[in-house]
There are 2 protein chains.
Amino acid sequence: MELIQKNKCFDGEQRVYQFESHTLKGQCKFAIYLPPQALLGQQCAALFYLAGLTCTEETFAIKAHAQRLASRLGLILIMPDTSPRGDGVEQGDHWDIGQGAGFYINATQAPWAEHFQMESFIVDELYTITLENFPIRVHAVGIFGHSMGGHGALTLAWKYPEKFKSVSAFAPICAPSQCPWGEKAFSSYLGMDKTEWEKHDAVALIQAKGQLFSEVLIDQGKDDQFYSQLNPELLQQACQKVGQKLSLRFHDGYDHGYFFIQSFVDDHLQFHTLQLTKS
Amino acid sequence: MELIQKNKCFDGEQRVYQFESHTLKGQCKFAIYLPPQALLGQQCAALFYLAGLTCTEETFAIKAHAQRLASRLGLILIMPDTSPRGDGVEQGDHWDIGQGAGFYINATQAPWAEHFQMESFIVDELYTITLENFPIRVHAVGIFGHSMGGHGALTLAWKYPEKFKSVSAFAPICAPSQCPWGEKAFSSYLGMDKTEWEKHDAVALIQAKGQLFSEVLIDQGKDDQFYSQLNPELLQQACQKVGQKLSLRFHDGYDHGYFFIQSFVDDHLQFHTLQLTKS
């Protein structure tokens, strides 16, 4: 694991690491924010943040404005890239597939299956590497994300509740089986058998596995230009059906971007801190 | 003046405008953050932020994380681009000259004099346009900036104290006449007569014009990779000589970038608010 960037930030450090991933079969990068408490070796709660389509490990670190409060709360933030990268990796025909669009699942179909193993990368390889190398409290790891990464956060939380003790999202793709972005990605990565899709669809997973968290926080802008892809109402119905407490907050005038995220990111850090303190 | 981008942010709006500048002889852009108070038509204090080499009107808006506190304080933030732009504008041989490197002065030498009139652009054209179009309290306008833009903020404040009632900077180029970046820019834009350079050099201006502000705030990282270009000690000496109160804060471990700026930006917004409330 090679440290390739380091910047002091709110008395902590914003870092970027690079390593050869055996899961993705290639070089990968992740960013991490270490609050001052972590630099002193104190055990800290940690959050994985999964970014959306076209983003990289840099996006949240630069645009979300989370370090100020993470420094005060003593939260470690782990920010992976959104897909495998590199010359040998399929580029995709558009920004909604291929590099920058890993969808946090393991592809089973050619030509994607070779490198696009983002689910295993996050929950096995990166999870292990970060817990081994940084002072993270083992049972105080949460997950959140935005858009495609909101889908990733919800689905990985419901698949691996032993690894993620709290979950929230900004404008998540709630039902990828039922929207154009998800249909394109899932048919490409997983093939045409829709029973396979349901294993990676937050709405379907919540209906199948039931209530798992004491509360889930979702923020959604009402002027989101991609609203038709997101289906927050289906998530709300699924949560109601299984008795999963959901704080789904709609915000007038906010769109899909990071000016929206930065406006509410503090609430998410506080939400996770509270959940992870309980756990 | 055409609105080309608008994003709700902390109940205010982050906007980008474009207009045909008669000073720069071409299209130009600026970003502005309007806090909720301004959207309601209340008169607000305003800060001009001048960015550094290679930056644009987007840099501070995305990377500095100032909107959260600007929203609470009711501060308007005005963020111009760093130079004229476009096909007809000299590109320069490197990132420290030409487009992205206007140095907030009026060039007198060919081929630069045609478009590179950033001083007049800021203090006349943009100043007038923003005060006419947004609810800005006339005697509550401050200026701050970073690196080349810190030079810009200090020099424009000392040249136009009737327009700017408070001034601060992050890692400013304090004595451009005495560092490689400044020597290259000033010899290109102003020619070889060094008495001309002194009119645009913060250290020389403060020595010539004396104390003008009740206090000046400067933050400087001690691990700044461009430290040798900045000369904060010369600024300190000049301020001491003329009795100008200066809070020059050195910060261990911080570098020249926006992870440094975001760590201290709240202090600058509070400093200006206090100064502008007094004035």
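Every chain is numbered from 1 and lettered A, B, ... according to where its sequence line falls, protein lines coming before strand lines.
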Heavy-atom nearest pair, B/Q262 first then A/C9, reads OE1-SG, 3.4 Å

Under 4.5 Å to a heavy atom of chain B? For A/D223 that would be neither

Counting heavy-atom pairs under 4.5 Å with chain A, the top scorer among B/K63, B/H251, B/R68 is B/R68

In short, A/Y254 meets B/F10 closest at the heavy-atom pair OH-N, 3.4 Å

Smallest heavy-atom separation, A/K8 atom then B/D252 atom, equals NZ-O, 2.7 Å

Under 4.5 Å to a heavy atom of chain B? For A/N7 that would be both

Next item on the list: Indicate yes or no for a side-chain donor-acceptor contact from B/H65 to the backbone of A/A66 under 3.5 Å, with no hydrogens or angles considered.
Entry: no

Cut-off 4.5 Å, heavy atoms of chain B, and the answer for A/F260 is backbone

- Query: Hey, is NZ on B/K6 packed in by over 12 heavy atoms from elsewhere, all under 6.0 Å?
  - Reply: no

Over 12 foreign heavy atoms within 6.0 Å of CZ, B/R72: no

If one checks every heavy atom of A/Q14 against chain B at 4.5 Å, the contacting part turns out to be side chain

